[in-house]
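These notes are about the structure you will find just below.
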Amino acid sequence: MENNIVRLAVQKSGRLSDESFDLVAQCGIRVNRQDHRLKASATNFPMELLYLRDDDIPEYVAAGVADLGIVGENLIIEKQKEVRTIKTLGFGKCRLSIAVPRSLNYESKRDLNGLTIATTYPRSLSRFLEEHGIKANIREIRGSTEIAPSVGLAEAVCDLVSSGSTLLRHGLEETHVVFESQAALIASNQLSPEKQSVLDRWLFRLDAVLNARECKYILLNAPDESLEQIVKTLPSLRSPTVVPLAEEGWSSVHAVINENRFWEVLEQLKDLGSTGILVCPIEKMIIDDEVLP
Ligand code: PRP
Ligand code: ZN
């Protein structure tokens, strides 16, 4: 019984913590979140959460101590552990970048030659420098990378950037993006068939949640003369639902629409004479052979 329970490693406290926890909760998995604890069991799903430092998650999953992990791609790339990336999760977006003090009057990559660059990402940085034929020194540090230039530890940094405010506060200017990153779900390469089937059950729910996040449900009233055009304008799962209104000459149209194209489509719908447009969030969305609108 015990060995059917999958252990999911999540960041204990940091950038990914809240959203990792919310994602599990939105999949209907109930876990009591108590910050001081190292692990917690779900009450209605065979899952246990392990709260770890994000830097340790790839290693714990590779070693099979945790079966699954939610961690930034940045650490998956840097740590080079034997794990499977199951899917990206759409949050925790950031990039690993090289930055220099604004006072340096930096012009091009060549200016990095001979500099010492402080980072907690030595592997990724080293690969980038090699690929670009830059001869710089890497100083591996444990944290607080952004202060390295001001305390004389290095002349440049290679660190994660999300809003960019940390760099700005420390007088640093981003010069090169090493890679882009977001949170991802990773799995051990040695899942038992029982645990794999628990993972598959969870993935079914996860897809429903992630798909729904990308889409909105839209309802509107369409005058019959432009109904055909309006239906064509609306992307949908299969095709929009059209129901006649009590008032003659009008129909109600329902469709699912992707957040990316949302405003653009909305403008077109208004131009075509749609009225009473309602837009609602979708909580879960299960799609089989249909593709996302
Ligand atoms: C990263 C990075 C910066 C900050 C940048 O740290 O080391 O300190 O985020 O974010 P900003 O551009 O929005 O200011 P993170 O929170 O990931 O901590 P960690 O690397 O120590 O886990
Ligand atoms: Zn960290």
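The first residue of the sequence shown is numbered 1, and numbering continues consecutively from there. These values consider heavy atoms only, across backbone and side chains, with no hydrogens, waters or symmetry-generated copies. When a ligand or atom number is given, it counts from 1 through the structure's own listing order.
The residues Asp207 and Lys87 are annotated as salt-bridged, a charged nitrogen and a carboxylate oxygen being separated by less than 4.0 angstrom. Between Glu174 and Arg95 there is a salt bridge, since a side-chain N of the basic residue sits under 4.0 Å from a carboxylate O of the acidic one. Salt bridge annotation for Arg7-Glu48: present, with a cationic side-chain nitrogen under 4.0 angstrom from a carboxylate oxygen.
Between the side chain of Asn211 and the backbone N or O of Ile287, no donor-acceptor pair lies under 3.5 Å. Of the possible donor and acceptor atoms, none in the side chain of Ser251 sits under 3.5 Å from a partner among the backbone N and O of Ala222. Judged by distance alone, the side chain of Glu155 and the main-chain N or O of Leu115 form no donor-acceptor pair under 3.5 Å.
Within the structure, ligand 1 lacks Gly14 among the residues with a heavy atom less than 4.0 angstrom away. At a 4.0 Å cut-off, not a single heavy atom of Gly143 sits close enough to ligand 1 to count as contact. Heavy atoms of Thr145 come nearer than 4.0 angstrom to ligand 1 in no pair at all.
Of all protein heavy atoms, the one lying nearest to atom 20 (O) of ligand 1 is Leu160 CD1, 4.4 Å. Among protein heavy atoms, atom 14 (O) of ligand 1 sits closest to Thr166 OG1, 2.5 Å. Ranking protein heavy atoms by distance to atom 19 (P) of ligand 1, first place goes to Asp54 OD2, 4.6 Å. Closest to atom 6 (O) of ligand 1, if we only count protein heavy atoms, is Arg15 NE, 4.6 Å. Among all protein heavy atoms, the one lying closest to atom 8 (O) of ligand 1 is Glu146 OE1, 3.7 Å. Nearest non-hydrogen protein atom to atom 13 (O) of ligand 1 is Ser163 OG, 2.6 Å.
Distance check for atom 10 (O) of ligand 1: a protein heavy atom is found below 4.0 Å. For atom 16 (O) of ligand 1, the nearest protein heavy atom lies under 4.0 Å away. Protein heavy atoms are found less than 4.0 angstrom from atom 22 (O) of ligand 1.
Side-chain atoms of Asn221 and Ser274 include no donor-acceptor pair closer than 3.5 Å.
No more than 12 heavy atoms of other residues, nucleotides or ligands lie within 6.0 Å of OH in Tyr60, so this atom counts as exposed by the packing criterion. Counting non-hydrogen atoms of other residues, nucleotides and ligands closer than 6.0 Å to CZ of Arg30 gives a total of 12 or fewer.
For the Zn ion (ligand 2), the nearest N, O or S atom contributed by Asp54 is named OD1. The atom name of the N/O/S atom in Asp55 closest to the Zn ion (ligand 2) is OD1.
Heavy-atom contacts of Val161 reach the following atoms of ligand 1: 12 (O) (cutoff under 4.0 Å).
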